[in-house]
Amino acid sequence: MSALDLEGRLNEAQLAAVTHGEGPQLVLAGAGSGKTRVITHRIGWLIEEMGVDPRAITAMTFTNKAAREMESRVETLLRTDRLESSVGTFHRFGLKLLRRFGERIELKRGFTVFDDTDQIALVKRSLKDEGLDEGSFPPRTMLSRISDAKSRLLTPAAHAAGAETFFEKRLAQVFRRYEHLLQRSSAVDFDDLIGLPVRLLVEDAEIGRRIRGGLRHLLVDEFQDTNHAQLRLVRELIGPGGNITAVGDEDQGIYRWRGADLANVLEFEKSFPDAVVRKLEQNYRSTQTILDASGGLIAHNEGRRGKRLWTDRGAGDPLELFRARDEIDEARWVVRTARQLEAEGARWSEIGVLVRTNAQTRALEEELLRTETPYTLVGGTRFYQRAEIRDLVAYLRAIGDPRDQISMERILNQPPRGIGRKTQRLVATECERQGLTLWDFLVVDQFESLPERSAKALRRFRDLLQALQGDLDQLPLVAFLDQLLERTGYLGLFAGDDEDSRGRRENVGEFLSAAQGFGGESESGRVSLTELLDHIALVSDLDGWKVERGVSLMTLHSAKGLEFPLVFVGGLEEGVIPHYNAKEPADIEEERRLLYVGMTRAERRLFLSSCLRRRVAGRFQDQRPSPFLDEIPSSLVIVHDSPSLFEGERTRGAATFFGRQQAPSEPESGKLAKGSRVRHPKLGDGVVLSVEGYGDGAKLTVFFASAGKRKLVAKFANLESIS
Ligand code: ATP
Ligand code: MG
């Protein structure tokens, strides 16, 4: 133990968990008590002190961000720069197994991973095929019910057997069709990334043995957020008496809507009968005031084991609650306070601004931009959801595997090439009549049943795809992408000089630079394509892959497991948190846990805010304070009312108007003009794509070869001109 100096880094209870021998254990403990630390140190201990082969250790968590964080902490601990243990999300782990062994359960090689948008398209298609209309069977609802069934590992047949009501029976029909179409597209969805590995382990004894044989220790963080399928996967992997270390906190379960089940952690011993259950009670993150405030809140939940956290960090400052007039007033206060904290010595990256819904980030972003405060929107941008990026990804998938029906349909007439709606309908009918996929049809049919113009367009499209397939085999990935843009003329869609077209061209550029990380110069594009597509499928789910600098702005859901010295939680209003969709007592409890997660991210200071009214879909709506505010002991909170609460109607209009006005922009000049080449101390060389404003306050959009497009403020960016 000397090499790692565990005693110096862990308290007694943590040390016991880290050095636990064989067999299952659960660490059930509150926020900031060192659960994640137990996982990282246990990995280190197993490798360093017990001589366990690093490759026989797997650690799982929920977001890519958390996984990266965990990996780098172990690497620091072990003083290595490449950890050989597998640390990743459940989904990444599942996908890896399917890529290796999927053929054993009849998965086609090079299968595609469908994300949410693809899934919705598939549900719509299923509804149509079953003759059901979207009005009575909303696709979103159907999908979430299908996903729910899959997260309980139900097959369409098993699901149909339990269907009683009219709606349930239709749902069963849609589910069956959905699965059928998924297979025909040789694709899997996110739930399959858990469900299919379970099937593999259960059905194929030989592969099961091989996988289990290679895995000696499994560690799972945030266990309270596992659903039935994930629990099953864990059990199949390690067995009821196996070496699993699970850590979790029933007060932080926030994924019930995705089928997560708190019983998995509350009744852990049911799944792992001999489990040792441990508690950690000392908190190392927050001040006692923050612990008491969040503890007071969460005490209102039922269905918890209950615990009290303590810290020796002292009481610290009271919480502050700001009552704003509206969301713009709120944003101003948040940003002004953050800037003040920075002026007093805090670093931007020490500040986290947390909100319940994505929509809330808009007002905050505008204010951050207006005041040129550096910030990162964590997990919100959804780069890969943008239309032009989805188009390119669809091309890649269709070329990689033309059986991917959804992608084929997306690119058929994008950019427009004379295959209009009418032709598409005719083709669809023909495919159905002959039982062919779109691609098969293109390859085998002579298009005799179609008008000559359509036939010609289809032939050209087929030739285009075949040519691109050839390119993919011969060129490295990035060269292939160039060729793809060339042959399809795709960028012609955005030839204009308007803001929108420019933005889309830049996104395409950013996509190319993202692809650069995959595959070597000599490797054929086909090899690296799967790798790139897998990566995209995984990162587009919950969180992005960008590094954070500046103030972190994010939803409460993406803040799980993180910590910041200074935390703001905005929108403490009825209908925001608890969200207006939360109606049942169990939903309200989940909303309370979500706020609890947010509050317990704070180390030193916690700021809350609420608005008297808020624009919702463009219209003002009066807001009432969140009932959760009454559950936080009032002696711990200082309340400020916004001065503008007392201002008249006229000034309000004026303030809003001026608040949104932009500084007049000067002609671009000097060394940081558009097009000039620059060097950044961390990001390397890049090209200035656009300049807004002037002088030190200018905002630059720079394209870096290593890091893609970045928005920087000249004053903070430390750029050196190199042209
Ligand atoms: P959450 O429930 O929010 O995920 P957690 O229980 O996983 O929290 P950690 O993130 O592991 O808690 O730890 C919280 C903070 O306390 C971290 O900064 C961690 O490094 C620190 N910490 C934990 N244990 C100790 C210890 N024994 N000595 C010093 N610092 C510690
Ligand atoms: Mg943690």
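Counting starts at 1 for both ligands and their atoms, following the listed order. Being a predicted model, the structure only gives us computed values, none of them experimental.
- For the residues Gly248, Gly34, Gly561, the heavy atom positioned nearest atom 9 (P) of ligand 1 is part of Gly34.
- Evaluated by nearest non-hydrogen atom to atom 1 (P) of ligand 1, the leading choice among Ser286, Gly8, Gly32 is Gly32.
- More than 12 heavy atoms of other shown residues, nucleotides or ligands fall within 6.0 angstrom of atom CD in Glu344.
- Using a 4.0 Å cut-off between a side-chain N of Lys or Arg and a carboxylate O of Asp or Glu, Glu631 and Arg592 qualify as a salt bridge.
- Note: Phe568 and Phe607 have parallel aromatic rings, judged against thresholds of 30 and 60 degrees for the angle between ring planes.
- Where the criterion is an N or O separation shorter than 3.5 Å, residue side chain and backbone included, Arg285 meets it with respect to ligand 1.
- A tilted orientation is assigned to the rings of Tyr255 and His557, their planes being inclined by 30° to 60°.
- Using a 4.0 Å cutoff on heavy atoms, Asn11 counts as a contact of ligand 1.
- Looking at Thr36 against ligand 1, both its backbone and its side chain come within 4.0 Å, counting heavy atoms.
- With salt bridges taken as basic N to acidic carboxylate O contacts below 4.0 Å, none links Arg99 and Glu531.
- Residue Arg601 places a heavy atom less than 4.0 Å from ligand 1.
- Relative to atom 14 (C) of ligand 1, the option among Glu12, Lys35, Glu563 with the closest non-hydrogen atom is Glu563.
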#### Entry: Derivation of the salt bridge (charged side-chain N to carboxylate O under 4.0 Å, His left out) call for Arg258 and Asp225
CA-CA 9 Å; Arg258 283 194 171 187; Asp225 282 322; over 6 Å; no

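- For atom 21 (C) of ligand 1, the closest non-hydrogen atom of the protein is Tyr284 CB, 3.7 Å.
- Those atoms of ligand 1 with a heavy atom of Gly30 less than 4.0 angstrom away are 6 (O).
- The shortest N or O to N or O distance between Arg73 and ligand 1 is not under 3.5 Å.
- Under a 4.0 Å N-O distance rule, the pair Arg604/Asp317 does not qualify as a salt bridge.
- Using a 4.0 Å cutoff on heavy atoms, Leu10 counts as a contact of ligand 1.
- In the candidate list Gln252, Arg9, Glu7, Arg9 is nearest to atom 26 (C) of ligand 1, counting heavy atoms.
- Nearest protein heavy-atom contact of atom 19 (C) of ligand 1 is Arg37 NH1, 3.7 Å.
- Met554 has its side chain within reach of Leu354: a pair of non-hydrogen atoms, C-beta onward, lies under 4.5 Å apart.
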